[in-house]
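Here is the structure we will look at, set down as structure tokens.
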Amino acid sequence: MLTLVTGGSGSGKSAFAEDRILSFGEAKRIYIATMYPFDEESHKRIARHRAMRAGKGFETKECYTGLANIMLPEDCTVLLECMSNLTANEMFQQDGAHENTLEEIIRGVRHLCAQARHTVIVTNEIFSEAASYEGDTVLYQNYLGEINCRIAEMAEEVVEVVYGIPVYHKKKMTDHKGGAEK
């Protein structure tokens, strides 16, 4: 099952995504970290996220580019955080996919889903800002928007976290007998 979790900065989406992984029960838990530690601020954010995951049984795999190359243990649960960073890395890192970012990331997401029992992907809602951008920033927004749309199509669940409150835009339902239905 694939779940896409989105929200603005500080919305609580990371905590929600971790709780969602824990709700799937006992399994090998893999955290795919995509933030490249390039400055002091990124080091602080990485430390904060590590502290949030402490004691929850996650094994961390760092993946800045090339998501399709990750090999996962059988029947694991995966939390990828975050798609926004991965998109920027693929666009701008020397070993990134550059103009093939969209295709490379979708191929990587399919690769994860084929290996994992449950995959939760965190992304950012960056499209509500009133600011006007140009150049590479507009290209980044276009790529991330298209990637988010494609993942939402593939996903059984799409959740936007607003002020810590999950708002389901797409939700996998269970019938009264415990079976799944959409």
Side-chain angles (χ1 to χ4, degrees), residues 1-7 11-37 42 45-90 93 95-97 101-124 144 147-161 164 166 168-175 178-182:
M1 184 170 88
L2 174 60
T3 301
L4 179 64
V5 179
T6 188
S11 65
K13 63 187 174 292
S14 296
F16 175 84
E18 288 177 16
D19 288 345
R20 190 69 184 112
I21 288 288
L22 296 176
S23 77
F24 294 133
E26 291 302 315
K28 180 81 171 171
R29 295 182 185 127
I30 307 296
Y31 182 94
I32 300 176
T34 64
M35 178 176 276
Y36 187 81
S42 60
R45 290 183 71 182
I46 290 167
R48 189 179 97 239
H49 281 263
R50 282 185 180 150
M52 284 175 59
R53 291 192 310 276
K56 295 180 182 176
F58 282 98
E59 174 188 328
T60 300
K61 291 183 177 268
E62 295 175 0
C63 179
Y64 309 124
T65 60
L67 188 60
N69 298 321
I70 285 194
M71 297 308 296
L72 299 172
E74 187 175 321
D75 210 29
C76 64
T77 59
V78 174
L79 173 54
L80 183 145
E81 185 146 6
C82 120
M83 186 52 65
S84 307
N85 291 326
L86 183 61
T87 300
N89 295 343
E90 288 290 1
Q93 293 279 345
D95 62 342
T101 292
L102 187 116
E103 295 81 12
E104 181 63 24
I105 288 177
I106 296 304
R107 188 170 72 92
V109 169
R110 286 191 175 111
H111 176 72
L112 290 184
C113 292
Q115 296 179 78
R117 181 179 354 147
H118 298 287
T119 303
V120 176
I121 297 175
V122 176
T123 192
N124 283 304
L144 184 60
I147 288 165
N148 288 348
C149 286
R150 291 229 194 140
I151 295 171
E153 281 179 15
M154 295 166 40
E156 285 82 10
E157 294 182 334
V158 178
V159 185
E160 179 181 9
V161 181
Y168 285 82
H169 295 284
K170 189 176 183 183
K171 185 171 184 175
K172 183 175 183 174
M173 307 297 279
T174 57
D175 65 23
E181 60 181 45
K182 288 187 184 176

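For this chain, numbers begin at 1 and follow the sequence in order.
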### salt_bridge(Glu62, Arg50) N-O dist < 4.0 Å
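Salt bridge between Glu62 and Arg50, a charged N being under 4.0 Å from a carboxylate O: yes.
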### Task
Inspect the contact between Arg29 and Glu59 and indicate whether a charged nitrogen and a carboxylate oxygen are less than 4.0 angstrom apart.
no
Between [atom1] on residue [X] and [atom2] on residue [Y], distance to nearest 0.5 Å:
| X | Y | atom1 | atom2 | result |
| --- | --- | --- | --- | --- |
| His118 | Ile21 | NE2 | CD1 | 8.0 Å |
| Thr77 | Met1 | OG1 | CE | 11.0 Å |
| Lys61 | Thr34 | NZ | OG1 | 15.0 Å |
| Leu4 | Cys149 | CG | SG | 9.5 Å |
| Thr119 | Leu2 | OG1 | CG | 6.0 Å |
| Ile105 | Arg150 | CD1 | CZ | 11.0 Å |

Is any side-chain heavy atom of [Y] closer than 4.5 Å to one of [X]?
| X | Y | answer |
| --- | --- | --- |
| Arg20 | Val5 | no |
| Leu112 | Leu72 | yes |
| Glu18 | Val120 | no |
| Lys56 | Leu22 | yes |
| Leu86 | Cys82 | no |
| Ile121 | Ile151 | yes |
| Asn148 | Met83 | yes |
| Ile32 | Leu79 | no |

#### Entry: Partner residues of Arg107 under the salt bridge (Lys or Arg N to Asp or Glu O under 4.0 Å) criterion, sequence neighbours left out
Glu104
By side-chain contact (heavy atoms from CB on, under 4.5 Å) - contacts of [X] (at least two apart):
| X | result |
| --- | --- |
| Lys170 | Val158 |
| Pro37 | Ser42, His43, Ile46, Tyr64 |
| Ser11 | Lys13, Val161 |

### For Phe16, ring-ring contact (aromatic ring centres under 6.0 Å, His included) partners two or more places apart
none
### Message
Do Glu90 and Thr101 pair up side chain to side chain, a donor and an acceptor below 3.5 Å, judged on atom types alone?
### Response
no
### Closest non-hydrogen atom pair between Ile147 and Ile106, with its separation
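Smallest heavy-atom distance, with atoms named: O-CD1, 4.2 Å.
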## Note on the structure
Tightest non-hydrogen contact, residues Pro166 and Gly164, listed as CD-O, 3.7 Å
### Summary of salt bridge (charged side-chain N to carboxylate O under 4.0 Å, His left out) pairs that have at least one residue in residues 64-83, sequence neighbours excluded
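Sorted pair list: Asp75-Arg117.
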### Stepwise side-chain contact (heavy atoms from CB on, under 4.5 Å) check, Ile30 with Leu80
CA-CA 8 Å; Ile30 307 296; Leu80 183 145; over 6 Å; no
Donor-acceptor contact present, side-chain [X] to main-chain [Y], <3.5 Å:
| X | Y | answer |
| --- | --- | --- |
| Asn89 | Met35 | no |
| His111 | Ile70 | yes |
| Thr87 | Leu144 | no |

### Task
Determine, stepwise, if the pair Thr6 / Asn124 fulfils side-chain contact (heavy atoms from CB on, under 4.5 Å).
CA-CA 5 Å; Thr6 188; Asn124 283 304; 5.8 Å; no
